[in-house]
Each structure stands twice: as C-alpha cells, then as structure tokens.
Amino acid sequence: MKGKLVKVFVFMMFLCEFANSQSNTESITFNPTFADKQINLADSSFYLRDSSNFQIEVLKFYISKLQLLKNGKVVFTEKHGAFLIDISKPLSCKINIAKYIDFDAIQFNLGIDSTINVSGAMGGDLDPTKGMYWTWQSGYINFKLEGKNNLCKTRNHEFQFHLGGYVSPFNSLQTVKLPVKNKSKVVIDLDVKKIIENIDFKKQHSIMSPTSDAVCFSALVAKAFSIN
Amino acid sequence: MKLKLIVVFAIVIVVSAFQYESEKPFVVPKNWPNPVYNFKLNPLSKNKIELGRALFYDTKLSRNNTISCASCHSPYSAFTHIDHALSHGIEDKIGKRNSPALMNLAWQTLFMHDGAVNHLDVQALAPISNPLEMDESIINVVSKLQNSKLYPRLFYKAFGDSVVTGERTLKSLSQFMLTLVSCNSKYDSVMRKQTVFTKQENSGYQLFKQHCGNCHTEPLFTNNLFMNNGLPIDTTLNDVGRFGVTKNANDSLKFKVPTLRNIEFSYPYMHDGRFKKLSEVLNHYTNGIKQSKTLAHELKKPLNLTSNEKVDIIAFLLTLSDRSFLFNPKFSYPKTIFLQAAKD
C-alpha cells in the first residue's frame, strides 16, 4: 500500500515538473522611450526642440483586449482583460503570453472600452485604488502623463495629462495595430517625444476630463507606439 | 433512535428552507419592472450586505473620520439630508446640491442629480473624494479598513479572506444599498387591493396621473430621465445640471427626475433644496415655470390646478410614505457590529 502511494507521489511530481517545463511563456514588453533613450524616472529630464526642459514624473496607461494576429486573422485573445502599464514598476511593463503561437501582428486597445466602463467596480489592475479612475464622473483614465516643463505657466511648472472618456463624442479609446517581425522578443516602444513634440506647453498643460482635446491627444499617443 | 434523528433533521431542513425564503435580501415587488443592476456580477449575500451596512455607517470613509454615508443619507429621512437646502459635509463645508434620497437603487440607470455616475458600484467614489463631502481617497479608505480590527474580520466573513480591496469595498456598499427597497406604502397596499384610498387621496391620484405621472412614472415614480422642470437658475450656484457632464447644450439645466416615494420625509425639495414644502413645489409647477430652450415639453404650458386640487395631490403624495422602509431595523445603524468592535 505504502509503496503504491510513493509511486503515485513520484509520478505526480514528475507530472508537475513536466507541466512546468511546458508552460513556458514569452513576454511582450512595453518600453517607454524619449526618442532613442529609454526613460528612467530617476533621471527623466530631456530637452525639447524649443529648448524647454521636460521632465516626466508619472507615465501610466491601460492596455486591454490584447490580440495576436496571423495574416489578418485573430489567433489569440488575452483573456485577462486589462493591464496597467506603470513605468515606475518595471514588472508591470511585461505581459506574458503563451509560447508557440504563430503571429505576425499584435493589436491592443489603449485604454478601457465602454462596456467595462459601465459595468461597475472592477478588481485587479482595474481596481479604483490604482488611481486610474475618475471619481466625480464615472470612467477610467486611459493614459496619464505628468511632469514638469519650464514653459508651463502653472504652479511649479507642472503639467498633467489625464486622458479618458468612453462616451461619444469624447470617446478617447484607441486601437493600435503593429506588425511583428521577430516574435521571439516583442518590445513595443512608446516614444513620448512623438507625443509631446507638437504640444505648445505655454498653452496646454492640463487635461483632466473627457474633452475633444483628450481625444486628439489620445490619437497622438496611439501613433507613438512602434516595434523595432 | 436513528429514525428519530432523521425526522428531526428533516424538520430542521424544511424549517430553515422556509426561513431562507423569507429572508431573501432582494425581491422584485409584484408588477415592478426588472432591476437595471446586474446582480450576476455581484450576487447578494448576507455577510456582504452586513459588511456594506457597516461601511455605510462608518466615518472611516472620510479624511478625519467624522463623516459617514449616513451623515447625508440618514434612514429616518428616506436616506437623505433633511433641513438643509444644500447638504454639508466634512468640517461643515457646504456642497452645491441637496443630497438625493436613496431607495430602489437597483432600478436606477444613472446616479447623482446630473447623472455623472454611471453605476451604483462606483457611486460612493464621488462623495468619498469630494473635498466638500468626505475629502478622502479610496486608497486611504482601503488601508484604514485593512488596518482596523473590525474590517479584516468582516471581509473574511464576506469574501473568504481578509483582504480589503477597492472593488470589494464598493461592491459591499452596493449590496447594502440594493436592499433599500421601498415598496410598502399605502399606495402599494391600494395597488395590491389590500386597502383603498380615501376620497381625497383618490382625487389626488387621478390628478397626479393626469398632471405628474408622465415624468414621475409609476410604480417607481420616476422615469429615470433628465429634464428641465423650469426652475429659474440660482445665480449663487449657476448649476447647469446634466450639461456639465455631457457638454451637450440640449442638456442644459436638466436634472434627474427624482422618485416621489417617501417624499413626506425627504424635504427640502429640488436639486438645490430651494422648496421646503410640497405646496411650494406645486406652486412652482402652476406659477413659477421659467421658459427656456430645454424646458420639458410637458411643462411648456404651466399646470392648471386649483388650490383644492393641490391639496388633493398632496394627500395622494403622502400615501407614498413607507414607514416599514423608514424604520426597518435592517437598514439602521449596525449597533451590534460597532459595539462589539468597540469592546475588542
């Protein structure tokens, strides 16, 4: 009897080991940059074309409905829902997906769609304690960029761009689709320079509600994603 | 011996089944529409409702631990803040609106007078973070609850582990608020043919259906829409209502049509509490309508009511008072929970 139990135990251990070695995943990494330079919050001071000094303090955004495509057809949809990518937490910038999926493009939403936005309190990365939810008016903040620019005529030259809104005409949700050449190591760059180089910081320094500005800004962010 | 035990066991099961039936936390009253709230995403349970009730009455939800939800939504006034035109919050700061009465929330589509909140679950976030109301953040609330003696225990009972999260906190609050169903007024008894209106009440009911029932639709006594009911704008507040949320000019000066249930207890009236008495409200509809682009078409012609007819309508409105709702011990301050916590 005892011997049998031991055998079963050993077999189960073997199974677990086998399962572990098989369940390898590969990851998709989001990599915020300023032009070619990787952004490090401890040293995030950059000079812009107009020679103003630009500093990033917060960069957080939601990625949802991540899909992998092959020849234009969806071959995989990430069921987890939404991921909060926070540059201050490197682990949050990696999304694991199952290995052995053959794909040539990746598609995701920048932000949270209207269905989730009207479905009540959510948990995990969507928990309102994550600081990405408006309180005075329901809705997720899809993208947050905060920092300083000496051109901003605000207290401490601060700027705050909180982009969100899920109701037309201020629906700021964006869909991003990128071709993938090397699927073994997918790194999605987000070039902040591309987002802000067209902004006149003398005039624009705060977006904190669903507006047409938020929609335009969101479209700029969507265009700043790329895979090298 | 064994047989005896089985019989006793069977009786216990049958009795407890009946008990369970009578204690169902939420029942859709007969002839009412289906609730809007999706209970599948937040199935009610006794322990979650109890947790929500504790949270509703707990001042920990405010920055300096002085204000609870019940501060502005007290049960005996149909869960609103009476006596104050504009409700006051933390450090006696005055808000810009009169707190709405809370009842039958499972049938509501949007929340707040301007519909800024889209779901009951996320409603509490607004007063918690409003600097004039509770001036706290949900992040701090969660950490205060987690570090208390009481709440890890209540969360454990409700969720099977003691972890406090924003989602759990909000969903538990929803659970309690969903149980606040008012469906036992005299009006309801009349509709169930258990009693009859007096002559005056009946006259008022007929007039009500003719003049008011279009927007204050039975049986919830609201159509859940946003309408401009012709109130002249208060220039000390300049509250544009729904326009502030949608930025659509067609929504200017529109506010949510409130339920009239328990209206006897939820004075003062209107989003800014400008009317203290029901007679003032009716006088507004006959003599005070301010014409404007977005005025409800029902009110383009002011109501034509004699003073006797107004008295009859008010007699009918008083039949919407539901004392079994106002004084339901299940909705009141959870003495036993808090007393036990204080002893610990």
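Only a predicted model underlies this, so the values are computations on that prediction, with no experimental measurement involved. Computed over heavy atoms, backbone and side chain alike; hydrogens, waters and symmetry mates excluded.
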**Fill in**
Closest non-hydrogen contact found for A:Thr135 with B:Ser129 is OG1-OG, 2.7 Å
**Message:** Need one label for A:Val118: side chain, backbone, both or neither, based on atoms under 4.5 Å from any heavy atom in chain B.
**Reply:** both
**Item:** Taking every non-hydrogen atom, the tightest pair across B:Glu167 and A:Pro128
**Value:** N-CD, 4.3 Å
**Pairs of heavy atoms under 4.5 Å with chain A: top-ranked of B:Asn42, B:Thr246, B:Leu125** = B:Leu125
**Request:** Considering only heavy atoms and a distance below 4.5 Å, find which of B:Asn118, B:Ile139, B:Asp121, B:Ile138 pairs most often with chain A.
**Result:** B:Asn118
**Prompt:** Does NZ in A:Lys65 sit with more than 12 non-hydrogen atoms of other residues, nucleotides or ligands closer than 6.0 Å?
**Reply:** no
**Prompt:** For B:Leu41, is it the side chain, the backbone, both, or neither that has a heavy atom closer than 4.5 Å to a heavy atom of chain A?
**Reply:** side chain
**Message:** For B:Phe39, is the CZ atom crowded, meaning more than 12 foreign heavy atoms sit under 6.0 Å from it?
**Reply:** yes
**A:Asp127 CG to B:Arg168 CZ distance, which is reported to the nearest 0.5 Å** = 10.0 Å
**Request:** Give, as side chain, backbone, both or neither, the part of B:Val142 having an atom under 4.5 angstrom from any heavy atom of chain A.
**Result:** side chain
**Item:** B:Lys157 atom NZ: more than 12 heavy-atom contacts under 6.0 Å
**Value:** no
**Prompt:** Has B:Lys93 got more than 12 heavy atoms of other residues, nucleotides or ligands less than 6.0 Å from its NZ?
**Reply:** yes
